[in-house]
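As the structure is a prediction and not an experimental result, all values here were calculated from the model. Both counts, for ligands and for their atoms, begin at 1 and track the order of listing.
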Amino acid sequence: MARSLRPLVIGNWKMNLDHVEAVHLTQQLGVLLRATPAEHADVALAPPFVDLRSVSSVVESERMPVAVTAQHVNPHDSGAHTGEVSVAMLRRLGVTSVIVGHSERRQNYAMTDEVVAATLRAVGVGGLAPVLCVGEDLELREAGRHESHVRAQLESAVAGLEARVPETLSVAYEPIWAIGTGVSATTEEVRAMTAFVRATLGALGFADSRVLYGGSVNADTAAELASAGGVDGFLVGGASLRADSFFAIVQATSGCYAGQR
Ligand code: PGA
């Protein structure tokens, strides 16, 4: 099915690269994008908090067509939240979108469905574009409960969202068993679940949202997933830590969508 949304490719660096390395990688990407612009895809980088200012400075000074995304944010406006940062702080740094509810935060940092919903709301109210992550673990997949799990995650996350957020909301379907394992979901699995996420979002009033896939996407698999997987882009972890592999994914995505606009 031809989709009408411009795809988005986000590089999620996780807890990798200090600010010096971040500047270097962003500059390398800038050189590649200047030589061969990604005409049919939006590109975003999600570095660690401490790199955000450096990355946005490079993006600004080199006039790169790249958005700066945060990996996480605290839902509160301000106050006694040691170690946390707010939406307003991110906005001041030139950040335009925020990943919300990545499975690593849900699993390892006690990010419950309630906190995910509160964070999604705070990001939307604060005028940034949320990238909500959903996805099942292997046990749920093997038990055939992946759809009900993802539906429940979507329903609880968007419950408190304001009506003006839909156009800016992206949802990344990221099966936990495919993250960082080198084993991507198959094209058919991606196609089925992105269609399911899209239908569920439509029923919830968020039909205009992009649906991305994440989980061991690399330069070799991106084109096939983009053309036959029914996705509106990718959330890329490991393969975003090198300019050449991330750039290849961006180009593969842009190339797949070139004929559809
Ligand atoms: P991966 O990570 O590409 O390294 O599997 C994806 C993610 O966690 O967003």
Open item on the list: Within ligand 1, which atoms have a heavy atom of A178 less than 4.0 Å away?
Closed with: 5 (O)
TODO: Write out the residue and atom name of the closest protein heavy atom to atom 3 (O) of ligand 1, then the distance separating them to 0.1 Å.
DONE: G237 N, 2.8 Å
TODO: Nearest heavy atom to atom 5 (O) of ligand 1 wins, so pick from G238, G214, G180.
DONE: G180
- [ ] Check each heavy atom of N12 against ligand 1 and say whether those closer than 4.0 Å belong to the side chain, the backbone, both or neither.
- [x] side chain
Task: atom 7 (C) of ligand 1: the protein heavy-atom neighbour that sits closest, reported with distance to 0.1 Å - done: E174 OE2, 3.1 Å
Open item on the list: When you measure from the side chain of R121 to the backbone of L161, do you find a donor-acceptor pair of N or O atoms at a distance under 3.5 Å?
Closed with: no
TODO: Determine yes or no for a side-chain-to-main-chain donor-acceptor pair under 3.5 angstrom, with S216 supplying the side chain and A178 the backbone.
DONE: yes
Task: Polar proximity ligand 1 side, V236 side, N/O cut 3.5 Å exclusive - done: no
Open item on the list: Can you tell me how the ring of Y213 sits relative to the ring of Y173, calling it parallel under 30°, perpendicular over 60° and tilted otherwise?
Closed with: tilted
Task: Residue of the set V55, T96, V58, L90 for which side-chain contact (heavy atoms from CB on, under 4.5 Å) holds with V68 - done: V55
- [ ] Heavy-atom contacts with G215 under 4.0 Å: which atoms of ligand 1 show up? List them by number with element.
- [x] 5 (O)
Open item on the list: Closer than 3.5 angstrom, by distance alone: can the side chain of E62 be matched with the main-chain N or O of T26 as a donor-acceptor pair?
Closed with: no
- [ ] Identify, by atom number and element, the atoms of ligand 1 in contact range of S216, meaning under 4.0 Å from any of its heavy atoms.
- [x] 1 (P), 3 (O), 5 (O)
Open item on the list: Taking W177's backbone N and O only, do any of them form a donor-acceptor pair with R141's side chain (distance below 3.5 Å, no angle check)?
Closed with: no
Task: Heavy-atom check, side chain of P130 versus side chain of T168, under 4.5 Å - done: yes
Open item on the list: Under a 4.0 angstrom heavy-atom cut-off, which atoms of ligand 1 come close to H102?
Closed with: 7 (C), 8 (O), 9 (O)
